[in-house]
Every structure is written in structure tokens, then in C-alpha cells.
Amino acid sequence: MISESSLLQGLNDKQLQAVTLPHVSALILAGAGSGKTRVLTTRIAWLIQTGQTSPMGLMAVTFTNKAAKEMLTRLTSMLPINTRGMWAGTFHGLCNRMLRAHYREAGLPNTFQILDTADQLSAIKRVMKTLNVDDEKYPPKQVMGYINGCKEEGLRADAVEAYDGHSQKLRELYAAYDQQCNRDGVADFAELLLRCYELLEREPHIRAHYQQRFQYILVDEFQDTNRLQYLWLKLLGGAHNSIFAVGDDDQSIYAFRGARVGNMNDFQRDFNVQNIVKLEENYRSHSNILDAANAIIANNRNRLGKNLWTSAGKGEPIRIYEAYNDTDEAQFIVDEVNMLQKEGVSLGEMALLYRSNAQSRILEHTLFSANIPYRVYGGLRFFERAEIKHALAYMRLIANANDDTALLRIINFPPRGIGARGLEQLQEAARQNECSLWQAASNKVGAGTLGSRGLEGFVALMRHMIDQGYGISLGELAELVIHQSGLMAHYQNDKEGEDRIENLKELVTAAVAFSKQDLGNHHNMDEDTDLLTQFLNHASLEAGDHQADVGHEALQLMTVHAAKGLEFQSVFISGVEEGLFPHDQAAYEQGGLEEERRLMYVAVTRARQRLYLTYAQSRMLHGQVRYGIPSRFVDEIPAELTKRLNSKPVAKPYAAGGQYTPAAVSAPSANYPFKIGQSVRHGKFGEGVVVSYEGNASDLSIKVNFGSAGLKTLMLEYAKLEKC
DNA sequence: CGACGTCCCCTTTTT
DNA sequence: GGGGACGTCG
């Protein structure tokens with residue numbers, strides 16, 4: 001076994017202080033790149049190694065499966081312990097586990113299924129249809145946002161306040177939706193948390209059991225917790241347990257989905273936190289980059305206060321490039337990437353970040369043309385693919401026949417002649433008998449009052465699968481389902497079904513792997529939950545990787561949100577323009593601008609050595625050319641840290657769409673006295689850049705971007721512009 | 001039932 | 001511009 005001293009070796013004073021805190025609640029303010037994960041895992045290792053607790057006596061909570069895995073991997077490299085059975089995982093994973101263990105007290109069937117976001121939305125649409133609610137007036141997505149918002153605040157429908165007709169309707173929908181979920185025996189993501197919270201609150205003996213067990217609770221990314229998660233922690237922490245909360249208020253970028261930075265303050269107050277350890281030494285970036293990040297974030301109010309520093313040198317200046325348009329911006333990035341590669345930086349060490357996904361298209365296009373391999377993060381994941389969800393829906397129905405959401409997904413897929421009419425009859429029958437659709441369907445078939453041959457076929461199929469599925473392995477069941485259901489045959493007939501078939505085969509592989517891994521595992525310690533249900537849980541809670549092939553060298557493309565927690569040798573932040581970053585929409589939200597600024601802070605601190613900020617004078621957005629001015633965040637960086645790569649942006653021979661700008665506009669002429677991209681001076685607005693000409697020859701206007709004075713359209717005849 | 005047209009909207013995202 | 005959702009027609 002590794003000795004204590006070697007476990008703690010190499011920690012700086014602050015890190016050491018945090019790792020070895022006594023059994024009290026503490027808040028660790030861990031700046032970007034300050035060794036947060038290391039502190040968290042070393043703390044766990046130290047607690048176990050010194051015998052203060054056992055692996056089973058602590059709980060470690062994260063937000064993502066990735067973070068949980070990372071933590072456990074690092075832990076096993078420090079201590080020769082078996083992490084299986086440890087209560088380390090995501091909020092949702094841990095709540096699910098508690099609910100499985102106490103499903104009766106929680107009022108759930110032992111095979112309850114988890115609705116992912118797509119399932120939840122379709123369940124909500126169903127409720128609204130039943131209640132005849134106008135989905136123009138109540139867009140299902142908004143209803144979903146409302147319901148999840150309430151749950152994340154810890155509020156059931158009967159506890160929500162509603163004064164006007166609109167919110168009363170929403171509340172009514174919330175109640176009806178919950179009722180439907182109970183009938184179906186399903187729980188959405190937020191429900192896992194709320195249900196678990198209520199369970200602990202209602203059942204003192206269960207609460208006491210876990211409070212006694214988890215003397216040490218460790219929470220990662222504490223700034224991202226929502227109200228309900230905080231309440232849950234508070235309940236588990238009780239009066240005597242130690243909650244070790246690690247977070248960075250400056251990296252709170254998920255307020256839009258309910259995260260409450262205020263939890264950090266509440267935590268200090270509610271737990272009488274005496275120990276606040278600030279980890280401010282950054283081991284990632286050179287000081288030019290850190291100083292820029294510090295300068296940006298200093299513009300936010302209401303910070304807990306923290307200033308990153310490094311003993312690394314100044315490093316390179318932050319490079320700023322003002323592009324003529326989005327194509328030019330992309331081309332610039334391509335050129336720089338090529339140059340960096342020549343200097344020996346590998347592609348996988350470079351990241352190209354953007355504020356919103358829409359920006360990736362043109363970047364991808366340009367990278368593709370330039371033959372630069374790239375990998376985009378985000379998009380559909382394995383268990384979210386349509387064919388996989390179809391196959392899983394059959395399996396869900398086998399596990400729990402009352403799962404109407406699953407039934408509706410596949411009752412007529414592959415098509416078997418059950419149309420909208422037949423379905424309506426079925427739903428009507430279910431409503432009248434107050435039973436699930438499956439029960440209604442089997443009743444109909446049994447009674448001989450056939451809705452259609454298709455329905456008969458469907459019921460027979462499901463019964464057959466349930467029969468055949470009894471006692472076979474998970475892999476065999478998956479195999480059985482994809483063939484018997486007709487999914488395989490359906491996609492084989494489809495010209496573009498090849499990928500889907502591959503994915504279905506992959507599902508069988510995943511099922512086999514899951515049961516193998518589970519054999520020696522007992523990670524649920526919950527004998528009531530069968531393997532099929534566990535597998536379906538796994539599929540819902542862990543939708544799979546965004547990206548499978550990690551080894552391949554490629555430029556990393558992702559949103560700034562997706563980049564949180566990662567680091568790269570070189571980072572490009574593109575589209576650093578007002579309206580885009582900070583995003584227009586942010587202005588309408590309370591604290592929106594500050595969140596955008598934190599987002600910028602996160603983006604900047606991803607870079608170890610080299611950082612580029614690029615913005616464009618114009619870009620295509622929503623099918624229209626949009627003229628932008630540089631983001632205020634650029635101005636917030638002290639000039640001495642930066643290097644402007646082009647002081648006077650010049651029109652490139654390629655304009656939007658890669659087409660050449662018409663000669664009449666690109667070259668000065670009698671009609672067009674200034675080139676696009678040329679700098680001009682105006683008596684009132686100062687210096688600006690010619691963006692475009694508008695109107696016809698006799699009535700010509702000129703559009704000029706005056707930077708801080710904004711974008712102006714002037715009548716050429718009257719505007720006294722001069723070259724500069 | 002499926003193919004095709006049209007309309008509408010359009011940050012960020014994990015579980 | 002482009003994807004998703006919905007509606008109409010064959």
C-alpha cells in the first residue's frame with residue numbers, strides 16, 4: 001500500500017490543507033486548472049487510507065458520468081481498493097439507486113423505467129392531447145420546462161403558486177402529467193431527484209440509515225447544483241456529517257438549467273462553514289492567459305472572490321484576429337492550425353470553440369475543404385438514436401407492460417397497419433377502463449372486439465417475445481427483440497439503413513458486455529432489480545459517448561459549454577462578437593450578461609499556451625448577413641496582453657459563400673469610392689470600416705462599422721467620409 | 001402509409 | 001440556411 005506521505009506528495013499548501021481537513025463541512029473554491037479533481041480524489045484516498053472511513057462510508061457526487069468515472073479511475077490508481085459498490089456517481093444515478101432499494105416506500109413499481117428528455121416530451125404531448133390543450137398556447141417544450149423547473153425547485157403541483165389562468169393551466173398539466181407517469185410506472189430525470197428527496201424526508205428510518213452511513217459526502221462542481229440537489233444534500237448531510245463541496249462560482253454556466261450559484265452562500269450559512277479553502281494556483285496556463293481571464297471576470301459583481309496566479313512565465317500574447325466575414329475567419333483558423341501543426345502541436349491538442357452550435361457549420365465546411373481532420377462534440381449519442389430507442393422500447397415493454405410511452409413508440413413501428421384511428425380507439429378504451437394501453441390492447445384482442453388485424457398481431461408479438469424472453473440472457477433478449485420485432489428486416493429494406501443495422505448489432509454487443517460486467521459486480525446490491533431493468537436504467541442514465549474513436553488525431557470542435565473541464569495546448573475562440581458572445585438572448589435574462597462573462601472566462605482558461613480570439617465584421621446568421629462589432633469581452637482584456645494580428649481588416653478575395661466580391665465593389669471606382677474593408681473617417685462617428693454598399697447607383701448608401709459607435713448606414717452623397 | 005411541400009423557429013445541456 | 005414538425009396529396 002502506498003504510504004500516506006506519498007499520497008500527499010506534490011500537493012501545494014492549499015491543496016494539502018483541503019485534502020486533510022477534519023470531519024467538518026468545508027467549501028473548496030477551486031479555480032480553473034488548480035487541481036480540483038486531484039484534491040477531491042486525494043481527499044477520498046486519504047480518508048480511506050488513514051482509516052477515518054471505509055469506501056462504503058462515504059458518498060461522492062458528480063454531475064456527469066464522465067466525471068464520476070474519472071474520479072474512480074484516479075482513486076484506484078492511488079489506492080488498491082475495489083470501487084465497486086461505492087456510492088460514487090451522478091446525482092441521478094445515486095437517487096435512482098436509492099429509489100430501487102426502497103421502491104415500495106417510494107411508491108414505485110420495482111421495474112420503473114426512466115424517461116429521457118425525448119420520452120418526457122412525448123409523454124407531455126400525450127397528456128395535453130388527453131386534456132385537449134391547445135399546443136399553440138402551451139408549447140409542449142415550454143410545458144416541459146415549466147414542469148422540470150418546478151421539480152428542480154422541489155415543488156409538486158399542489159405546492160406551486162399560480163395566480164393567472166395561464167399558470168393555473170400549467171399547474172394543472174403538471175399534476176396530470178405526474179398522474180400519468182405514476183400510472184405508467186415511469187420517472188423522468190427530475191423525478192428521480194424529487195422522489196428520492198421526498199422519500200428521505202418522509203421516512204425517518206431510511207434517512208437515518210443513510211445519514212449514519214455517509215459520514216463523509218463529497219460534491220463536485222458544487223456551483224452547478226440546483227435547489228433540489230442542494231436540499232437533497234442538506235437532508236443527507238444532516239446535522240453532523242461532513243460535506244466537502246468543491247466548486248468555482250466563476251465557472252457557473254448552467255443557470256439556464258436551474259443551477260443556483262447562491263447554493264454556495266447558503267451552504268456556508270446552513271452548515272456554518274468555517275473552512276473555506278481557495279485554490280488559486282493554476283497549473284495550466286501561462287500568465288498572459290490567466291491575467292486576461294482575471295481581467296474579464298473582474299467585471300462581474302457578486303463573486304466570492306478569487307484570483308488565479310501561476311509561476312509559469314508570461315508566455316505568448318493572446319492573438320486577436322478581426323476577420324472580414326465568417327469565411328475569412330474560418331480560413332484564418334485553418335491557416336493557423338496548419339502552421340501550429342508545422343510547429344509540432346498535434347491536432348488533438350488544439351480546440352476550436354464557439355458559443356453556439358450553429359457556428360460550427362461553416363467552420364466544418366472550411367476544415368473539410370482544407371483536409372484537416374476534426375471531431376465535433378455534441379449531437380446524438382448512442383442510446384438516443386431512433387433505432388436504438390425503438391429496440392429499447394420493446395425491451396422496456398417486456399420489463400413493464402404498462403409503460404405507455406414505450407408502447408406508443410413501437411406499436412406501429414415497424415408499420416403493421418395500426419393507424420391513427422385504431423390508436424385513438426385504443427386510447428379511448430384505456431381511458432374508460434383507467435388502464436394502460438397494453439391492458440386495453442390485450443382486453444380488446446381477448447374479447448374478440450378487434451380494432452384491427454395489426455393490433456392482434458402486435459399483442460401476439462409482444463406475448464411471444466415475453467414468453468421467449470423468459471430465462472434467456474440479456475444479449476439473447478436484445479437479439480430476439482431486434483429480429484422478432486421486425487426492426488432488423490425493416491432497416492434491411494431501407495437503402496440508408498446500414499448504419500442503423502450496425503447500431504442495432506452494437507446494441508446486442510452492449511447488452512452482452514453489460515451482463516458480463518455485472519456478473520462479478522453486484523453494483524446495485526439490489527436483488528429486486530433484474531438485469532433487464534438495470535440495463536434499461538443504464539441506457540437512460542448514461543446515454544453513451546458522444547464520440548467513440550478517441551485515439552484518432554483530430555482538431556477538437558465544441559461549444560464553450562462542452563469545453564468546461566478540458567484543456568488544450570492551443571485554443572481558438574471564434575465568433576467573439578456582440579450578439580453572439582455575449583449572446584443576444586442573454587440580455588433578456590436576469591444576470592444573463594454575467595453568465596456570458598463566466599462562459600468567456602471558462603473559454604479563455606482552457607488554453608495552456610496559445611489563445612486566439614477571432615471575430616468577423618459580418619457573418620451569415622439565420623440566412624441573413626449580419627454585421628457585428630467586437631465583443632465587449634475583447635475590450636476587457638488589457639491591451640498589453642494581446643497582439644492584434646491585423647490592425648486594419650481588409651476585404652479578402654473570398655466573400656460569403658467563397659465567391660469573389662464583384663469587381664465594381666472590391667475596387668474603388670467613380671460609383672464606389674471606397675473598397676469594402678477600407679478604413680474611413682467620419683466627422684461624428686470617428687474611424688470605421690466599410691462593410692457594404694446598398695441601393696442603386698443614383699441612390700447609393702454605404703454601410704460602415706464604426707466599432708463602439710455601432711454600424712451605420714449613410715447616404716454616400718452626404719456622408720463626408722475620407723480615407724484613412 | 002409514405003413522400004413531398006410548407007411553415008416556423010432558431011443559445012448553451014446533463015441526467 | 002436548414003432542420004424539424006406538420007399537413008396534404010397520391
Side-chain angles (χ1 to χ4, degrees), chain A residues 61-68 89-96 114-122 125 135-136 139-141 145 148 151-152 187-194 196 220-221 224-226 228-229 252-259 326 353-362 365 377-381 383-384 386 412-422 454 493-494 537-544 546 558-565 575 579-589 592 595-596 598-600 602-603 619-626 656-657:
Chain A
V61 201
T62 63
F63 274 85
T64 63
N65 292 300
K66 199 175 144 206
T90 63
F91 280 98
H92 294 86
L94 296 172
C95 285
N96 178 48
I114 299 166
L115 298 186
D116 68 13
T117 311
D119 296 332
Q120 188 187 15
L121 189 63
S122 73
K125 285 181 182 163
D135 57 6
E136 297 254 298
K141 278 204 177 124
N148 290 337
K151 290 191 178 184
E152 280 158 8
D188 59 58
F189 288 131
E191 182 70 22
L192 293 175
L193 296 176
L194 183 52
C196 186
D220 191 16
E221 305 278 15
D224 289 337
T225 50
N226 62 36
L228 178 58
Q229 285 158 340
S252 160
I253 54 174
Y254 286 111
F256 71 91
R257 66 173 201 217
D326 43 4
L353 310 183
Y354 34 82
R355 174 66 181 82
S356 66
N357 285 309
Q359 288 166 250
S360 82
R361 225 190 81 255
I362 192 156
H365 178 80
Y377 284 77
L380 270 196
R381 296 181 304 171
F383 287 111
E384 289 168 354
N412 197 37
F413 194 91
R416 51 177 69 88
I418 302 173
R421 212 180 53 248
N493 287 333
D494 189 342
N537 279 190
H538 166 79
S540 309
L541 288 175
E542 222 172 308
H546 276 303
M558 64 192 88
T559 62
V560 179
H561 282 91
K564 191 177 166 204
L580 215 59
F581 197 179
H583 198 278
D584 271 336
Q585 220 81 16
Y588 302 108
E589 276 157 38
E595 177 141 320
E596 293 289 308
R598 290 192 293 269
L599 203 48
M600 187 67 183
V602 167
R619 73 172 66 238
M620 286 295 273
L621 211 64
H622 307 321
Q624 278 183 322
V625 181
R626 200 181 133 125

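Proteins come first, then strands; the chains are lettered A, B, ... in the order of their sequence lines, and each starts at number 1. Note that the coordinates shown come from a computational prediction; the quantities given were computed from them, not determined experimentally.
- The CG atom of A:D188 sits 18 Å away from the P atom of B:dT14 (whole-angstrom rounding).
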Quick one, A:T559 with A:Y354, criterion side chain to side chain contact (heavy atoms under 4.5 Å, CB included). Give me CA distance, side-chain angles, the key distance, then yes/no.
CA-CA 5 Å; A:T559 62; A:Y354 34 82; 3.9 Å; yes

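- Residue A:T90 places no side-chain N or O under 4.0 Å from the OP1 or OP2 atom of B:dT14.
- Note: CD (A:E595) to P (B:dT12) measures 13 Å, nearest angstrom.
- Minimum interatomic distance between A:A68 and A:G89 (heavy atoms only, all atoms of both residues): CB-CA, 4.0 Å.
- A:H561 and A:L599 get closest at one heavy-atom pair: CE1-CD2, 3.5 Å.
- The distance between atom CZ of A:F63 and atom P of B:dT14, rounded to the nearest whole Å, is 13 Å.
- Look at the P atom in both C:dA5 and B:dT12: the space between them is 16 Å, to the nearest Å.
- B:dT14 and C:dG3 are spaced 23 Å apart, taking the C1' atom of each and rounding to whole Å.
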Can you pull every protein N or O that's under 3.5 Å from an N or O on nucleotides 4-11 of chain B?
residue, atom, partner, partner atom, Å
B:dT11, O4', A:H583, NE2, 3.4
B:dT11, O4, A:E589, OE1, 3.4
B:dT11, O4, A:E589, OE2, 2.6

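- A sub-4.0 Å separation between OP1 or OP2 of B:dT15 and a side-chain N or O of A:N65 is present.
- You'll find a donor-acceptor pair under 3.5 Å spanning the side chain of A:T117 and the base of B:dT15, going by distance alone.
- First and last contacting nucleotides of DNA chain C toward chain A (any atom under 4.0 angstrom from a heavy atom, 5' to 3' order): C:dG1 to C:dG2.
- As judged by a 4.0 angstrom heavy-atom cut-off over every strand, A:F91 is placed among residues making no nucleic acid contact.
- OP1 or OP2 of B:dT15 lies within a sub-4.0 Å distance of a side-chain N or O belonging to A:R381.
- Atom CD of A:Q229 and atom P of B:dT14 are 14 Å apart (whole Å).
- A pairwise comparison of heavy atoms in A:E595 and A:A255 identifies OE1-CB, 2.9 Å as the closest pair.
- Each of A:S540 and A:P415 has a nearest nucleotide on DNA chain B; the 5'-most of these lies closest to A:P415.
- Rounded to whole angstrom, the span from the OH atom of A:Y354 across to the C1' atom of B:dT13 amounts to 14 Å.
- In this structure, the CD atom of A:Q120 is 14 Å from the C1' atom of B:dT13, given to the nearest Å.
- A pairwise comparison of heavy atoms in A:T64 and A:T90 identifies C-CG2, 3.4 Å as the closest pair.
- One interatomic measurement links the two molecules: CZ of A:R257 to C1' of B:dT14, which rounds to 5 Å at whole-angstrom precision.
- Evaluation of the salt bridge (Lys or Arg N to Asp or Glu O under 4.0 Å) rule for A:K125 yields no partner, not counting sequence neighbours.
- At a threshold of 4.0 angstrom between heavy atoms, the contacts of A:D135 with the nucleic acid are absent.
- Atom C1' of nucleotide B:dT15 and atom NE2 of A:H561 are separated by 16 Å, given to the nearest angstrom.
- Listed here is the closest heavy atom pair of A:A190 and A:N148: CB-OD1, 4.1 Å.
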Are A:D116 and A:R381 close enough, and set up right, to give a salt bridge (Lys or Arg N to Asp or Glu O under 4.0 Å), and what steps lead you there?
CA-CA 12 Å; A:D116 68 13; A:R381 296 181 304 171; over 6 Å; no

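- Listed here is the closest heavy atom pair of A:L228 and A:K151: CD2-O, 3.1 Å.
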Show your working on salt bridge (Lys or Arg N to Asp or Glu O under 4.0 Å) between A:E596 and A:R355 and close with a plain yes or no.
CA-CA 9 Å; A:E596 293 289 308; A:R355 174 66 181 82; 2.7 Å; yes

